[in-house]
Amino acid sequence: MYYSRIVATGSYLPEKVLTNHELEEMVDTSDDWIVERTGIRSRHIAAEGETASMLAEKAVRKAIEDSPVSLSDIDMIIVATTTGDLVMPCTAAILQDRLEVPGIPVFDVATACAGFIYGLSIADQFIRTGHMKTILVVGTEVMSSILDWTDRRTCVLFGDGAGVAILQRSEEPGILSTHIHADGSYNDILYVPSSLPGQFDAEKLPYVQMAGNKVFKFAVKALGDVVIEALAANDATKADIDWLIPHQANMRIITATAKKLGLPMERVIVTVETHGNTSAASVPLALDLAIRDGRVQRGQKILLEGFGGGLAWGSAFITY
Ligand code: UT7
(Lines give C-alpha, C1' and ligand atoms only; values in the text may rest on other atoms or scores of the structure.)
Protein backbone atom coordinates (compact mmCIF):
# COMPACT_ATOMS: atom_id res chain seq x y z
CA MET A 1 0.00 0.00 0.00
CA TYR A 2 1.25 3.44 -0.92
CA TYR A 3 0.36 7.00 0.07
CA SER A 4 -0.48 9.89 -2.22
CA ARG A 5 0.85 13.39 -1.68
CA ILE A 6 0.27 16.77 -3.30
CA VAL A 7 3.54 17.59 -5.07
CA ALA A 8 2.43 20.66 -7.03
CA THR A 9 -0.42 23.14 -7.29
CA GLY A 10 -1.37 25.86 -9.73
CA SER A 11 -4.21 28.24 -10.41
CA TYR A 12 -5.47 30.78 -12.87
CA LEU A 13 -7.96 33.62 -12.63
CA PRO A 14 -9.29 35.42 -15.72
CA GLU A 15 -8.09 38.99 -16.11
CA LYS A 16 -11.44 40.74 -15.94
CA VAL A 17 -12.55 41.72 -12.43
CA LEU A 18 -16.21 42.50 -11.79
CA THR A 19 -16.85 44.52 -8.64
CA ASN A 20 -19.99 44.79 -6.55
CA HIS A 21 -20.24 48.43 -7.60
CA GLU A 22 -20.35 47.38 -11.25
CA LEU A 23 -23.10 44.89 -10.36
CA GLU A 24 -25.07 47.75 -8.81
CA GLU A 25 -25.35 49.11 -12.36
CA MET A 26 -26.63 45.77 -13.68
CA VAL A 27 -29.21 44.57 -11.11
CA ASP A 28 -31.09 45.91 -8.09
CA THR A 29 -28.38 45.20 -5.51
CA SER A 30 -25.86 47.02 -3.37
CA ASP A 31 -22.25 46.55 -2.35
CA ASP A 32 -23.45 46.68 1.28
CA TRP A 33 -25.93 43.80 0.80
CA ILE A 34 -23.45 41.60 -1.03
CA VAL A 35 -20.64 42.20 1.47
CA GLU A 36 -22.86 41.75 4.51
CA ARG A 37 -24.68 38.62 3.28
CA THR A 38 -21.78 36.89 1.48
CA GLY A 39 -18.43 38.59 2.14
CA ILE A 40 -17.85 38.96 -1.62
CA ARG A 41 -16.45 42.25 -2.97
CA SER A 42 -15.34 41.24 -6.46
CA ARG A 43 -14.96 38.21 -8.71
CA HIS A 44 -13.09 37.32 -11.92
CA ILE A 45 -15.03 36.79 -15.13
CA ALA A 46 -13.80 34.85 -18.17
CA ALA A 47 -13.44 36.69 -21.45
CA GLU A 48 -15.83 35.84 -24.26
CA GLY A 49 -14.78 32.48 -25.69
CA GLU A 50 -12.55 31.66 -22.70
CA THR A 51 -13.57 28.14 -21.66
CA ALA A 52 -13.06 25.90 -18.64
CA SER A 53 -10.34 23.89 -20.43
CA MET A 54 -8.46 27.09 -21.30
CA LEU A 55 -8.45 28.26 -17.68
CA ALA A 56 -7.42 24.76 -16.60
CA GLU A 57 -4.54 24.60 -19.07
CA LYS A 58 -3.09 27.83 -17.67
CA ALA A 59 -3.39 26.52 -14.10
CA VAL A 60 -1.74 23.20 -15.02
CA ARG A 61 1.18 24.86 -16.81
CA LYS A 62 1.77 27.04 -13.75
CA ALA A 63 1.79 23.98 -11.49
CA ILE A 64 4.20 22.11 -13.76
CA GLU A 65 6.52 25.10 -14.19
CA ASP A 66 7.24 25.22 -10.46
CA SER A 67 7.55 21.49 -9.81
CA PRO A 68 9.74 18.48 -10.49
CA VAL A 69 6.79 16.82 -12.30
CA SER A 70 6.58 16.99 -16.07
CA LEU A 71 3.51 16.52 -18.23
CA SER A 72 4.77 13.14 -19.42
CA ASP A 73 4.65 11.85 -15.81
CA ILE A 74 0.87 12.25 -15.61
CA ASP A 75 -1.03 8.94 -15.56
CA MET A 76 -4.60 10.27 -15.38
CA ILE A 77 -6.54 13.54 -15.55
CA ILE A 78 -9.61 14.20 -13.43
CA VAL A 79 -11.50 17.43 -14.12
CA ALA A 80 -14.18 18.68 -11.73
CA THR A 81 -16.48 21.12 -13.48
CA THR A 82 -20.10 22.17 -13.88
CA THR A 83 -19.35 24.38 -16.83
CA GLY A 84 -17.43 22.15 -19.22
CA ASP A 85 -16.58 23.31 -22.73
CA LEU A 86 -18.93 20.85 -24.46
CA VAL A 87 -21.63 18.32 -23.56
CA MET A 88 -19.34 15.69 -25.10
CA PRO A 89 -16.48 14.91 -24.92
CA CYS A 90 -15.62 15.61 -21.32
CA THR A 91 -13.56 18.70 -20.52
CA ALA A 92 -10.75 16.44 -19.30
CA ALA A 93 -10.40 15.18 -22.89
CA ILE A 94 -10.16 18.70 -24.25
CA LEU A 95 -7.60 19.56 -21.59
CA GLN A 96 -5.70 16.37 -22.45
CA ASP A 97 -5.48 17.54 -26.05
CA ARG A 98 -4.30 21.00 -24.98
CA LEU A 99 -1.60 19.41 -22.81
CA GLU A 100 -0.67 16.92 -25.56
CA VAL A 101 -0.68 13.85 -23.29
CA PRO A 102 -2.64 11.28 -25.38
CA GLY A 103 -3.43 7.77 -24.21
CA ILE A 104 -3.93 8.22 -20.49
CA PRO A 105 -7.44 7.92 -18.99
CA VAL A 106 -9.32 11.17 -18.45
CA PHE A 107 -12.79 12.00 -17.14
CA ASP A 108 -14.93 14.69 -15.56
CA VAL A 109 -16.50 14.66 -12.13
CA ALA A 110 -19.91 16.33 -11.96
CA THR A 111 -20.42 16.99 -8.27
CA ALA A 112 -20.46 20.77 -8.61
CA CYS A 113 -18.66 22.65 -5.83
CA ALA A 114 -17.70 19.36 -4.14
CA GLY A 115 -16.04 18.13 -7.35
CA PHE A 116 -12.44 18.86 -6.44
CA ILE A 117 -12.74 16.94 -3.15
CA TYR A 118 -14.34 14.04 -5.04
CA GLY A 119 -11.45 14.22 -7.54
CA LEU A 120 -8.85 14.11 -4.76
CA SER A 121 -10.61 11.14 -3.22
CA ILE A 122 -10.68 9.20 -6.52
CA ALA A 123 -7.04 10.03 -7.29
CA ASP A 124 -6.00 8.94 -3.81
CA GLN A 125 -7.62 5.51 -4.29
CA PHE A 126 -5.79 4.89 -7.59
CA ILE A 127 -2.43 5.88 -6.12
CA ARG A 128 -2.83 4.04 -2.81
CA THR A 129 -3.58 0.78 -4.57
CA GLY A 130 -0.51 1.14 -6.75
CA HIS A 131 -2.47 1.46 -10.01
CA MET A 132 -1.04 4.87 -10.82
CA LYS A 133 1.80 7.10 -9.76
CA THR A 134 0.89 10.65 -10.77
CA ILE A 135 -2.60 12.11 -11.16
CA LEU A 136 -3.69 15.60 -12.16
CA VAL A 137 -6.81 16.82 -10.34
CA VAL A 138 -8.42 19.97 -11.70
CA GLY A 139 -11.28 22.22 -10.61
CA THR A 140 -12.23 24.66 -13.35
CA GLU A 141 -15.31 26.79 -13.89
CA VAL A 142 -16.80 29.45 -16.10
CA MET A 143 -19.75 30.00 -13.79
CA SER A 144 -20.49 33.30 -15.56
CA SER A 145 -21.79 31.25 -18.51
CA ILE A 146 -24.62 29.69 -16.48
CA LEU A 147 -25.79 32.80 -14.62
CA ASP A 148 -28.88 34.82 -15.35
CA TRP A 149 -27.35 38.28 -15.26
CA THR A 150 -30.77 39.78 -14.46
CA ASP A 151 -31.23 37.60 -11.34
CA ARG A 152 -29.71 39.41 -8.35
CA ARG A 153 -30.17 36.34 -6.11
CA THR A 154 -27.53 34.38 -8.03
CA CYS A 155 -25.47 36.57 -10.38
CA VAL A 156 -23.67 38.37 -7.53
CA LEU A 157 -22.44 35.13 -5.98
CA PHE A 158 -20.22 33.37 -8.50
CA GLY A 159 -16.91 33.85 -10.28
CA ASP A 160 -14.65 32.06 -12.77
CA GLY A 161 -11.25 30.42 -12.32
CA ALA A 162 -9.26 27.21 -12.18
CA GLY A 163 -7.10 25.44 -9.62
CA VAL A 164 -5.15 22.20 -9.86
CA ALA A 165 -3.24 19.78 -7.68
CA ILE A 166 -0.86 17.06 -8.83
CA LEU A 167 -0.86 13.98 -6.61
CA GLN A 168 2.02 11.57 -6.62
CA ARG A 169 2.89 8.26 -4.98
CA SER A 170 4.84 8.74 -1.77
CA GLU A 171 6.36 6.69 1.01
CA GLU A 172 5.17 9.29 3.52
CA PRO A 173 1.49 10.05 4.18
CA GLY A 174 0.13 13.06 2.29
CA ILE A 175 -3.60 12.52 1.89
CA LEU A 176 -4.53 11.20 5.31
CA SER A 177 -8.23 10.68 4.62
CA THR A 178 -11.02 11.63 2.27
CA HIS A 179 -14.75 11.39 2.94
CA ILE A 180 -17.33 12.04 0.24
CA HIS A 181 -21.11 12.22 0.58
CA ALA A 182 -24.24 13.12 -1.38
CA ASP A 183 -27.98 13.35 -0.89
CA GLY A 184 -29.78 13.48 -4.23
CA SER A 185 -33.15 14.09 -2.60
CA TYR A 186 -32.03 17.73 -2.46
CA ASN A 187 -31.45 17.92 -6.23
CA ASP A 188 -34.13 20.63 -6.54
CA ILE A 189 -32.61 23.30 -4.26
CA LEU A 190 -29.44 23.93 -6.29
CA TYR A 191 -29.48 23.07 -9.99
CA VAL A 192 -29.17 24.22 -13.58
CA PRO A 193 -32.01 23.17 -15.93
CA SER A 194 -30.98 21.31 -19.08
CA SER A 195 -29.76 23.20 -22.12
CA LEU A 196 -29.93 20.10 -24.36
CA PRO A 197 -32.08 20.81 -27.43
CA GLY A 198 -34.29 17.78 -26.78
CA GLN A 199 -34.91 18.77 -23.16
CA PHE A 200 -34.77 22.55 -23.40
CA ASP A 201 -37.66 24.21 -21.59
CA ALA A 202 -38.30 27.87 -22.41
CA GLU A 203 -39.86 28.28 -18.95
CA LYS A 204 -36.71 26.97 -17.25
CA LEU A 205 -33.66 28.56 -18.80
CA PRO A 206 -30.28 26.85 -18.19
CA TYR A 207 -29.13 29.17 -15.42
CA VAL A 208 -28.23 28.47 -11.77
CA GLN A 209 -31.33 28.08 -9.61
CA MET A 210 -30.80 28.12 -5.88
CA ALA A 211 -33.00 28.17 -2.79
CA GLY A 212 -30.20 30.06 -1.04
CA ASN A 213 -31.48 29.79 2.49
CA LYS A 214 -32.11 26.03 2.37
CA VAL A 215 -28.69 25.43 0.82
CA PHE A 216 -27.11 27.67 3.45
CA LYS A 217 -28.61 25.71 6.36
CA PHE A 218 -27.66 22.35 4.85
CA ALA A 219 -24.11 23.57 4.13
CA VAL A 220 -23.46 24.76 7.68
CA LYS A 221 -24.52 21.39 9.11
CA ALA A 222 -22.83 19.19 6.47
CA LEU A 223 -19.53 21.08 6.61
CA GLY A 224 -19.52 20.94 10.40
CA ASP A 225 -20.23 17.20 10.31
CA VAL A 226 -17.45 16.36 7.83
CA VAL A 227 -14.92 18.11 10.02
CA ILE A 228 -15.89 15.91 12.97
CA GLU A 229 -15.84 12.84 10.71
CA ALA A 230 -12.38 13.64 9.33
CA LEU A 231 -10.88 14.29 12.76
CA ALA A 232 -12.40 11.12 14.21
CA ALA A 233 -11.11 9.00 11.31
CA ASN A 234 -7.58 10.27 11.96
CA ASP A 235 -7.77 10.11 15.72
CA ALA A 236 -7.04 13.84 15.60
CA THR A 237 -8.33 16.94 17.35
CA LYS A 238 -8.88 20.49 16.13
CA ALA A 239 -5.44 21.32 17.57
CA ASP A 240 -3.97 19.12 14.81
CA ILE A 241 -5.36 21.37 12.07
CA ASP A 242 -2.89 24.01 10.89
CA TRP A 243 -5.20 25.32 8.16
CA LEU A 244 -8.84 24.99 7.22
CA ILE A 245 -9.51 25.51 3.51
CA PRO A 246 -13.27 25.43 3.08
CA HIS A 247 -15.36 25.82 -0.07
CA GLN A 248 -15.66 29.54 -0.69
CA ALA A 249 -19.38 30.20 -1.12
CA ASN A 250 -20.25 32.53 1.69
CA MET A 251 -18.21 34.16 4.45
CA ARG A 252 -20.98 33.41 6.94
CA ILE A 253 -20.77 29.66 6.21
CA ILE A 254 -16.97 29.76 6.52
CA THR A 255 -17.15 31.62 9.84
CA ALA A 256 -19.78 29.22 11.19
CA THR A 257 -17.62 26.20 10.31
CA ALA A 258 -14.54 27.74 11.93
CA LYS A 259 -16.56 28.61 15.02
CA LYS A 260 -17.90 25.07 15.30
CA LEU A 261 -14.31 23.84 15.15
CA GLY A 262 -13.09 26.47 17.59
CA LEU A 263 -10.50 27.55 14.98
CA PRO A 264 -9.50 31.23 14.92
CA MET A 265 -10.07 32.87 11.53
CA GLU A 266 -6.28 33.40 11.24
CA ARG A 267 -6.06 29.67 10.52
CA VAL A 268 -8.71 29.71 7.80
CA ILE A 269 -7.83 30.45 4.17
CA VAL A 270 -10.43 32.84 2.76
CA THR A 271 -10.64 33.91 -0.89
CA VAL A 272 -14.37 34.47 -1.25
CA GLU A 273 -13.90 38.25 -0.91
CA THR A 274 -12.05 38.55 -4.22
CA HIS A 275 -12.93 35.28 -6.01
CA GLY A 276 -16.64 34.89 -5.22
CA ASN A 277 -17.87 31.31 -5.43
CA THR A 278 -15.87 29.56 -8.15
CA SER A 279 -17.58 26.21 -7.50
CA ALA A 280 -15.20 23.27 -8.15
CA ALA A 281 -12.27 25.67 -8.50
CA SER A 282 -12.67 27.34 -5.13
CA VAL A 283 -10.71 24.91 -2.93
CA PRO A 284 -7.70 24.36 -5.25
CA LEU A 285 -7.55 28.11 -5.95
CA ALA A 286 -7.41 28.85 -2.21
CA LEU A 287 -4.87 26.07 -1.61
CA ASP A 288 -2.55 27.31 -4.35
CA LEU A 289 -2.81 30.91 -3.17
CA ALA A 290 -1.94 29.97 0.41
CA ILE A 291 1.00 27.81 -0.68
CA ARG A 292 2.38 30.54 -2.92
CA ASP A 293 2.04 33.31 -0.31
CA GLY A 294 3.86 31.11 2.21
CA ARG A 295 1.08 30.54 4.72
CA VAL A 296 0.81 26.82 3.96
CA GLN A 297 4.13 25.08 4.59
CA ARG A 298 5.36 21.53 3.96
CA GLY A 299 4.52 19.22 6.87
CA GLN A 300 1.47 21.19 7.97
CA LYS A 301 -1.94 19.56 8.27
CA ILE A 302 -4.78 20.99 6.23
CA LEU A 303 -8.46 20.23 6.21
CA LEU A 304 -10.10 20.83 2.82
CA GLU A 305 -13.89 20.86 2.48
CA GLY A 306 -16.28 21.06 -0.44
CA PHE A 307 -20.04 21.47 -0.70
CA GLY A 308 -22.43 22.00 -3.57
CA GLY A 309 -25.15 20.89 -5.97
CA GLY A 310 -26.34 17.32 -5.58
CA LEU A 311 -26.30 18.05 -2.81
CA ALA A 312 -22.77 16.71 -2.54
CA TRP A 313 -20.07 17.37 0.02
CA GLY A 314 -16.84 16.00 1.43
CA SER A 315 -13.49 16.54 3.10
CA ALA A 316 -9.83 15.75 2.60
CA PHE A 317 -7.43 15.84 5.54
CA ILE A 318 -3.86 16.12 4.32
CA THR A 319 -0.30 16.66 5.35
CA TYR A 320 1.07 19.06 2.79
O1 UT7 B 1 -21.55 26.72 -3.74
C2 UT7 B 1 -22.70 25.98 -3.61
C3 UT7 B 1 -23.30 26.15 -2.29
N4 UT7 B 1 -23.93 27.43 -2.20
C5 UT7 B 1 -24.04 28.00 -1.04
O6 UT7 B 1 -23.55 27.49 -0.07
C7 UT7 B 1 -24.85 29.25 -0.96
C8 UT7 B 1 -25.69 29.22 0.29
N9 UT7 B 1 -26.60 30.36 0.44
C10 UT7 B 1 -26.16 31.61 0.65
O11 UT7 B 1 -24.99 31.89 0.63
C12 UT7 B 1 -27.19 32.65 1.01
O13 UT7 B 1 -28.42 32.02 1.25
C14 UT7 B 1 -27.39 33.74 -0.09
C15 UT7 B 1 -26.18 34.65 -0.11
C16 UT7 B 1 -27.59 33.11 -1.44
C17 UT7 B 1 -28.60 34.61 0.23
O18 UT7 B 1 -28.48 35.18 1.51
P19 UT7 B 1 -29.71 35.10 2.53
O20 UT7 B 1 -29.30 35.83 3.73
O21 UT7 B 1 -30.05 33.66 2.68
O22 UT7 B 1 -30.79 35.93 1.78
P23 UT7 B 1 -32.25 35.48 1.29
O24 UT7 B 1 -32.13 34.60 0.11
O25 UT7 B 1 -33.03 35.02 2.48
O26 UT7 B 1 -32.84 36.87 0.82
C27 UT7 B 1 -33.04 37.92 1.75
C28 UT7 B 1 -33.52 39.13 0.98
C29 UT7 B 1 -34.63 38.83 0.00
O30 UT7 B 1 -35.54 39.92 0.02
P31 UT7 B 1 -36.96 39.77 0.70
O32 UT7 B 1 -37.65 38.66 -0.02
O33 UT7 B 1 -36.65 39.44 2.15
O34 UT7 B 1 -37.57 41.12 0.51
C35 UT7 B 1 -33.95 38.80 -1.32
O36 UT7 B 1 -34.79 39.17 -2.40
O37 UT7 B 1 -32.44 39.68 0.20
C38 UT7 B 1 -32.88 39.85 -1.14
N39 UT7 B 1 -31.76 39.67 -2.03
C40 UT7 B 1 -30.96 40.67 -2.41
N41 UT7 B 1 -30.98 41.98 -2.12
C42 UT7 B 1 -30.01 42.73 -2.68
C43 UT7 B 1 -31.32 38.52 -2.58
N44 UT7 B 1 -30.24 38.77 -3.35
C45 UT7 B 1 -30.00 40.09 -3.25
C46 UT7 B 1 -29.02 40.94 -3.80
N47 UT7 B 1 -29.06 42.25 -3.49
N48 UT7 B 1 -28.06 40.49 -4.61
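All ligand and atom numbering here is 1-based and tracks the order in the structure.
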Residue [X] vicinity, atoms of ligand 1 by number, heavy atom under 4.0 Å:
{"X": "Asn250", "answer": "10 (C), 11 (O), 12 (C), 15 (C)"}
{"X": "Leu157", "answer": "15 (C), 16 (C)"}
{"X": "Arg37", "answer": "20 (O)"}
{"X": "His247", "answer": "1 (O), 2 (C)"}
{"X": "Thr38", "answer": "15 (C)"}
{"X": "Asn277", "answer": "1 (O), 2 (C)"}
{"X": "Val156", "answer": "48 (N)"}
{"X": "Ala249", "answer": "1 (O), 5 (C), 6 (O)"}

May I ask whether Leu23 has any heavy atom positioned less than 4.0 angstrom from an atom of ligand 1? no
How about NZ on Lys260, more than 12 heavy atoms from neighbouring residues, nucleotides or ligands closer than 6.0 Å, or not? yes
Closest non-hydrogen protein atom to [atom], residue and atom name please, with distance?
{"atom": "atom 6 (O) of ligand 1", "value": "Ile253 CD1, 3.4 Å"}
{"atom": "atom 47 (N) of ligand 1", "value": "Thr29 OG1, 2.6 Å"}
{"atom": "atom 9 (N) of ligand 1", "value": "Gly212 O, 3.0 Å"}
{"atom": "atom 25 (O) of ligand 1", "value": "Asn213 ND2, 2.9 Å"}
{"atom": "atom 2 (C) of ligand 1", "value": "Cys113 SG, 3.4 Å"}
{"atom": "atom 17 (C) of ligand 1", "value": "Trp33 CH2, 4.0 Å"}
{"atom": "atom 29 (C) of ligand 1", "value": "Arg152 NH2, 4.8 Å"}
{"atom": "atom 5 (C) of ligand 1", "value": "Val215 CG1, 3.6 Å"}

Looking at Tyr2, is Arg128 sitting on its ring face, NZ or CZ under 6.0 Å from the six-membered ring centre and within 45 degrees of the normal?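 No, cation not above the ring by the 6.0 Å, 45° rule.
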Quick check on [atom] - does any protein heavy atom sit closer than 4.0 Å to it?
{"atom": "atom 34 (O) of ligand 1", "answer": "no"}
{"atom": "atom 31 (P) of ligand 1", "answer": "no"}
{"atom": "atom 21 (O) of ligand 1", "answer": "yes"}

Quick one, Met265 and Met251 - any side-chain contact, counting heavy atoms below 4.5 Å?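 Yes; the side chains approach each other to less than 4.5 Å.
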Looking at Glu65 and Arg61, does any basic side-chain N land under 4.0 Å from a carboxylate oxygen? no
Strictly below 4.0 Å, N to O, side chains only: are Asp75 and Lys133 in salt-bridge contact?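 No, this pair does not count.
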With a 3.5 Å cut-off and no angle check, do the side chains of Asp85 and Ser53 form a donor-acceptor pair?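 The criterion, which ignores hydrogens and geometry beyond distance, is satisfied for Ser53 and Asp85.
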Short side-chain donor-acceptor distance under 3.5 Å, Gln168 and Ser4: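 No - no donor-acceptor pair under 3.5 Å links their side chains.
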Picking from Asn250, Ile189, Ile253, Val220, what satisfies side chain to side chain contact (heavy atoms under 4.5 Å, CB included) with Val215? Ile189
Is a side-chain N or O of Gln248 found less than 3.5 angstrom from the main chain of Pro246, in a donor-acceptor match?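 Pair found, side chain donor or acceptor close to backbone of Pro246.
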Return each pair, listed once, that meets ring pair (Phe, Tyr, Trp, His ring centres under 6.0 Å) where at least one residue sits in residues 153-202; pairs must be two or more places apart or across chains.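 For residues 153-202: His181-Trp313, Tyr186-Phe218.
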Residues that Asn277 engages under side chain to side chain donor-acceptor pair (under 3.5 Å), provided they are two or more places apart: His247
Is there a path of hydrophobic side-chain contacts, each under 4.5 Å between heavy atoms of I, L, V, M, F, W or Y residues, that connects Ile117 with Val268?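 Ile117 does not cluster with Val268.
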